[in-house]
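Working notes, beginning with the structure itself.
None of the values given here were measured: they were computed from a predicted structure. Reminder, nothing fancy here: chain letters follow the sequence lines and each chain counts from 1.
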Number of protein chains: 2
Amino acid sequence: MEDETFDDISESSSVGAAQRVFHALSSAPRRKILAYLSASGLTAGEIADRFSMSKPAVSQHLSILETAGLIRREKQGQFVHYSLIENNLVNTLNGFVQEVCPVGRPIKKESQARARRKELP
Amino acid sequence: MEDETFDDISESSSVGAAQRVFHALSSAPRRKILAYLSASGLTAGEIADRFSMSKPAVSQHLSILETAGLIRREKQGQFVHYSLIENNLVNTLNGFVQEVCPVGRPIKKESQARARRKELP
DNA sequence: AAAGTAATTAGGTAATTGCTTAATTAATGG
DNA sequence: CCATTAATTAAGCAATTACCTAATTACTTT
């Protein structure tokens, strides 16, 4: 397996996939980066420009997001282009919600949101 | 300010509701507690028994989960009974997913899960 | 090949976290 | 009312985090 929402019942090192995702999401700057990337891919520099912290600090956040499988890194010449990987985020959060909640609640809200937009099959 | 999924564009103290929820979820023991509580309410002691760490440490985790609005605390005699508050968890995660992802992806997965179970309206 | 730009790595530090044990508060039963 | 059990608060500490500046790597342009 490779799921890990329930994490190590067996009390181990806490470096599962879910752990990496949830840790990545626990930081406001990192969530902000994801939000920026949801609009469009950006270079490391463009992302850093949107923050008041130093470039290396932002680079570190990007690396954590990448390790969590939430964003992808593509080198283009001297630039590094980052973009969102939606699946891992959605699957991890969704899997967790499914496990913790007796199912049913989330659907209503999502159905509403869905109704307001175009349908993808 | 009180929503904060997008967090402080304005660069502030990062103590929003979303911040509290995501921080709460970033810990494996805390996610484990939520999973236990998804099955049934439990007293602080019953929860602590399921971990190898000390009772005060577990108590602290419970307090963080409560502050995040993910669980509720009810004193019953000399016991303290904890139980899950599903709404806050689901709404926060759902809201975040809606914001970061172009909508549509989560629904399919949840619909599948829903089909496998009984329908709540 | 030298200079400039983009990005990361390295090294250091103050603040925070995640636990511990000891002390305290609160409810129950003899 | 004293002892016991449940739970939290308090105090302290090792390990980690989140940032910084300086140095390095890698690509581009002249």
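At distances below 3.5 Å, not a single donor-acceptor pair connects side-chain atoms of Asn94(A) with backbone N or O atoms of Val90(A). The backbone N or O of Ser59(B) sits nowhere less than 3.5 Å from a side-chain atom of Ser63(B) that would complete a donor-acceptor pair.
One can place CD of Gln76(B) at 13 Å from P of dA27(C), the figure rounded to the nearest angstrom. Remark: P of dA6(D) and CG of Asp49(B) are 9 Å apart, rounded to the nearest angstrom. Between the C1' atom of dC19(C) and the CD1 atom of Ile33(B) lies a distance of 14 Å, rounded to the nearest Å. The nearest whole Å value for the distance from the CG atom in Leu42(A) to the P atom in dA6(C) is 15 Å. Taking atom CD on Gln19(B) and atom C1' on dT16(C), their separation rounds to 13 Å, with Å as the unit. One atom, CD1 of Ile71(B), and another, P of dA7(D), lie 13 Å apart when rounded to the nearest Å. One atom, CZ of Phe79(A), and another, C1' of dT29(D), lie 12 Å apart when rounded to the nearest Å. The nearest whole Å value for the distance from the NE2 atom in His81(B) to the P atom in dA7(D) is 11 Å.
For the atom pair CG of Leu93(A) and CD of Gln98(A), the computed distance is 11.5 Å after rounding to the nearest 0.5 Å. To the nearest 0.5 Å, the span separating CD1 on Ile47(B) from CG on Leu65(B) amounts to 9.0 Å.
Aromatic pair Phe96(B)/Phe22(B): centroids less than 6.0 angstrom apart.
Residue contacts for Ser63(B): at a heavy-atom cut-off of 4.0 Å it reaches no nucleic acid atom on any strand shown.
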Taking only N/O atoms, report every protein-nucleotides 16-26 of chain D pair under 3.5 Å with atom names and distance.
residue	atom	partner	partner atom	Å
dC19(D)	OP2	His61(A)	NE2	2.5
dC20(D)	OP1	Ser54(A)	N	3.3
dC20(D)	OP2	Ser54(A)	N	2.8
dC20(D)	OP2	Ser54(A)	OG	2.6

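The phosphate of dT8(D) (OP1 or OP2) has a side-chain N or O of Ser59(B) nearer than 4.0 angstrom. Distances shorter than 4.0 Å separate none of the side-chain N or O atoms of Tyr82(A) from OP1 or OP2 on dA6(C). Contact between the side-chain N/O atoms of Arg73(B) and the OP1/OP2 oxygens of dT8(D) is found at a separation under 4.0 Å.
Considering only heavy atoms from C-beta on, Ile71(A) stays 4.5 Å or farther from Ile85(A) through its side chain.
With Tyr36(A) as the aromatic partner, Arg50(A) meets the cation-pi criteria of under 6.0 angstrom to the ring centre and within 45 degrees of the ring axis.
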